[in-house]
Amino acid sequence: MAATSSSLSSCLLRDGGLGPESTKCYNAKQSVCGSAKSLSMPSRLRHSMEAGSLSSTRSPARCCSAVRTKASPLFTLGKKFHLDDVIEAQQFDRDTLNAIFEVAKEMEKIEKNTPGSHMLKGYLMATLFYEPSTRTRLSFESAMKRLGGEVLTTENAREFSSAAKGETLEDTIRTVEGYSDIIVLRHFESGATRRAAATASIPVINAGDGPGQHPTQALLDVYTIDREIGKLDGIKVALVGDLANGRTVRSLAYLLAKYENVKIYFVSPEVVKMKDDIKDYLTSEGVQWEESGDLIDVASKCDVVYQTRIQKERFGERTDLYEEARGKYIVDSDVLNVMQKHAVVMHPLPRLDEITVDVDSDPRAAYFRQAKNGLYIRMALLKLLLVGW
Amino acid sequence: MAATSSSLSSCLLRDGGLGPESTKCYNAKQSVCGSAKSLSMPSRLRHSMEAGSLSSTRSPARCCSAVRTKASPLFTLGKKFHLDDVIEAQQFDRDTLNAIFEVAKEMEKIEKNTPGSHMLKGYLMATLFYEPSTRTRLSFESAMKRLGGEVLTTENAREFSSAAKGETLEDTIRTVEGYSDIIVLRHFESGATRRAAATASIPVINAGDGPGQHPTQALLDVYTIDREIGKLDGIKVALVGDLANGRTVRSLAYLLAKYENVKIYFVSPEVVKMKDDIKDYLTSEGVQWEESGDLIDVASKCDVVYQTRIQKERFGERTDLYEEARGKYIVDSDVLNVMQKHAVVMHPLPRLDEITVDVDSDPRAAYFRQAKNGLYIRMALLKLLLVGW
Amino acid sequence: MAATSSSLSSCLLRDGGLGPESTKCYNAKQSVCGSAKSLSMPSRLRHSMEAGSLSSTRSPARCCSAVRTKASPLFTLGKKFHLDDVIEAQQFDRDTLNAIFEVAKEMEKIEKNTPGSHMLKGYLMATLFYEPSTRTRLSFESAMKRLGGEVLTTENAREFSSAAKGETLEDTIRTVEGYSDIIVLRHFESGATRRAAATASIPVINAGDGPGQHPTQALLDVYTIDREIGKLDGIKVALVGDLANGRTVRSLAYLLAKYENVKIYFVSPEVVKMKDDIKDYLTSEGVQWEESGDLIDVASKCDVVYQTRIQKERFGERTDLYEEARGKYIVDSDVLNVMQKHAVVMHPLPRLDEITVDVDSDPRAAYFRQAKNGLYIRMALLKLLLVGW
């Protein structure tokens, strides 16, 4: 949904891939980046961002948006609670997160064939996927249908802009907005949703844009912690596995910084360590963080052990490095044994063997409940974007 | 929908591809063509055709259907307004076009959750696509859902008749008609919809069959001119770009001949000129037409500038010819500046760069409204085919 | 749907592919098979099986489940008529078949926009297809929508567990069950539905798992005979064509053994003869069977001529054998001429040329009605699994 207002600055981030070369945000080449963006992005979209890049690719240099002062939220609580688009984790402040979670909790209670289940009757959602992501797509489509809405599906949206034809994303959006009331966009290019939202006169939700953002995943992760632990202030969270490339852990760390007295432990193989941009951001926000190589020790202290998959595709030819990294930190019964009774294991899924299957039957295994929470978060967002608070 | 009646003649058209070798309809090899077709096509389906081929491929010889005398329309206006299938542009006469447009205008006014939006509740449409066409598919599916109907989707219908299996289109249709109330067919073979309709006991709509027909595009083009200009009699239309291969401009020229005092300007690179069959048809129908190489001059006179994409795939190895043709006639601010205030720019989409993006913001840029009109036309056709007038 | 109870034995079947080496069930290697399976399959799932393997692949050795004594049915007729999952033909006894057919007959009568057509309103079915099968998918989706239910579709479910990601079927099921109320699974691996059902807390229907089972096809075949001939006891059925590899004819023979005084004729080329496991089972159940090379003679005696396609893909390099087998037994007007007036021709579709098209117009050609019956059977199963008897 195109809109106006706000003035934020942008900067350039050099992203070091597997290496340690990440450069902090807020520095050099700002002009280059800012000018490049000013053409294609309305400033409104950078509303309420508070931090540096959450980028996670090996592309040599990428833009990020940042603002040093607290921006006003996209939401306006009270009589006019309003959300235009869902573009990136940075657009949410603590109040808006709380508001979304409140709606999500209502969504958990909606039963079949009750008035709530017809809330979005007559509305049409287009799932415009430029790359397949069955899990995410089914979650959104289930959310829409659970609220009585209808869906137009495409998983081969690239065909819109096939080689010979070469239609721009903007033209595609202008066509699809004529057919639907809301667009859920999955794209292979970072920033695609931002461009789509700048063009569209209807709401756009980012369902993952390449190595960039996947904000609904970030929201469901925080929501799950809130639901499982009962609080977000004062929690201790271990982020385990591929912290360099996983956009979920990066977004989660970013959002956790909005709460008080949070402590984050990074547990990862050397080659996929959390990058400096996030660490610096946490420091600047007063969040305690610590790197550790001792998963057992960390697990015994934490409320949440958030495990992630080591992404083989990031290692290219170096399968030796991959194999070494992959087996290093496994959540198994030994880890479970030291965890506190109220603590939980989370994972964005799919998992390979970084959590052993014997963990599944433990009530502290929260990852399938976490996947289900994705449904409630998406129901809440669809409701907020289409019919409002 | 299989039916009976009518006796029309068929003839063979030699189609000269990029060259000027098109042979007029009504001539040679009629017996070959007629006999080949008589097995698979009921004569009823050629009802109300009035003109030569609208073919646009480089296949050396193709069949077309023609009739010298005015045929009665597929529609019967009045108490029994009836439409069986949507096969090709030629099946529509002026009265039926007006009737469809009248229904389409009603469709524009249908609001969410009003009685009109439940018009097709309980009906099931199967989108049987043998080749992907996301734009067309989403438009049809949106139309069906906007009227309360449901959809069965397949974009890999070729799998029905995969190599090893080899099921005929007719057998597939007999199966799918058991599952649905109407079939929207996209096929890679010219004439496929005609065969499907001859087999099916439920309505079939042609959503494009190879190089053949795409009648709903033709209808939405005429409808858009009517909506934008306010009339069809007496209009001046420039058809620009690839006139040899574009089935949309060929069908549009054909349908415009049904109105009075229309003047058509053809503006195209030499290699993709409008073929003689259409020119001869226009002449025989008393429509004025003129070829011009001066887009600025033409644009200043016309009510509609209908731009099309030069199709690279038609040029094969001759990328030099493609590049030359492609850059020749661009609709940009210079063209816009000479256009009349009430005139509009149209395009079937997708566009490449044959209309520059700065044109988009001008109110005379009608192409996205045109795409939206496709929704209303398809809603109207679904309504007419499923529940009648 | 995971459940408990029952104690059945398993055994290993050596499956001889095109050759005659099939070994009877109830013998050797029971421990190997039993132990391998006991981890992943709850014994409840083997409930009510009564016979040997219906396997039909050339894999050298496969597991099957068997029980010597009659087991109680998955259904309980009367006040509590209950069906958990649809896994395989063996789970159905005569009473349950009758009960399902009774519901299917009710389904035939459901009209648009009547209360019956809203029976499954609010329910969501996920069609989780690991390999495309448009025909089966559309039939299930039509069934769900004809009853007012909604559908989440995926035909590229392999993407869930793509190379790099490697998610197990069980994890996928645990995710998808969070989004839907029932799962229809098509998989390339024999036994996949059994594993899925053991994991899922919602009902699972097998829509074909590799060379294994396709129970809804088996049900619709028996239902069609009942509808067309008016009885199942005392009928004479010719199974024609590829009897070695066709899972439909194997399942059909298995289910027909549940009725009285049935006689089965096997008419097939030498290389694709019915395997010994089915013949032995029929003998043990007191069913008369006979092999014949004279289709005309057999057709004149039978109530049902069930023709099947010779599957080219089973012959590998031996296209000579394929061509020989393929042309041997064709159902054409000569066959039709000797058939009794009340008799019918059936075929699971797709057909190639093993039934000539001139047969289609004869009222005894039942194959398209058979396809339509698939809709009613699937409606019945969805009803029974979601809202019960």
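Note that the coordinates shown come from a computational prediction; the quantities given were computed from them, not determined experimentally. Note on naming: letters A, B, ... go to the chains in the order of the sequence lines (proteins, then strands), and numbering restarts at 1 for each one.
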- prompt: So what's closer than 4.5 Å to chain C heavy atoms on A/Asp360: side chain, backbone, both or neither?
  reply: side chain
message: Testing C/Leu152, C/Asp171, C/Ile183 one by one against C/Val176 for a side-chain contact (heavy atoms from CB on, under 4.5 Å), which residue passes?
response: C/Ile183
message: For the interface with chain C, which of A/Arg351, A/Glu141, A/Lys372 has the highest count of heavy-atom pairs at distances below 4.5 Å?
response: A/Arg351
query: Using the ring of each side chain (for Trp, its six-membered ring), is A/His347 parallel, tilted or perpendicular to A/Tyr367, with breaks at 30° and 60°?
result: perpendicular
- prompt: So what's closer than 4.5 Å to chain C heavy atoms on A/Glu150: side chain, backbone, both or neither?
  reply: side chain
query: Is there a side-chain contact between C/Met125 and C/Val184, using heavy atoms and a 4.5 Å cut-off?
result: yes
task: List the steps and the verdict of side-chain contact (heavy atoms from CB on, under 4.5 Å) for A/Val344 and A/Met346.
output: CA-CA 6 Å; A/Val344 293; A/Met346 291 174 63; 4.2 Å; yes
message: Can you tell me which of A/Thr114, A/Thr153, A/Asn113 forms the most heavy-atom pairs within a distance under 4.5 Å of chain C?
response: A/Asn113
task: With a 4.5 Å cut-off on heavy-atom pairs, point out which of A/Glu111, A/His118, A/Gln311, A/Arg137 contacts chain C the most.
output: A/Arg137
task: Ignoring hydrogens and angles, state whether a donor on the side chain of A/Gln370 or A/Asp221 is under 3.5 Å from an acceptor on the partner side chain.
output: yes
message: Looking at A/Glu131, I want to see if its CD is surrounded by more than 12 non-hydrogen atoms of other residues, nucleotides or ligands under 6.0 Å.
response: yes
task: Would you mind telling me which of C/Lys121, C/Arg174, C/Glu177 has the largest number of heavy-atom pairs within less than 4.5 Å of chain A?
output: C/Arg174
message: Counting only non-hydrogen atoms closer than 4.5 Å, does A/Ser117 touch chain C with its backbone (N, CA, C, O), its side chain (CB onward), both, or neither?
response: neither
message: Does any backbone or side-chain atom of C/Thr154 lie under 4.5 Å from a heavy atom of chain A? Answer side chain, backbone, both or neither.
response: both
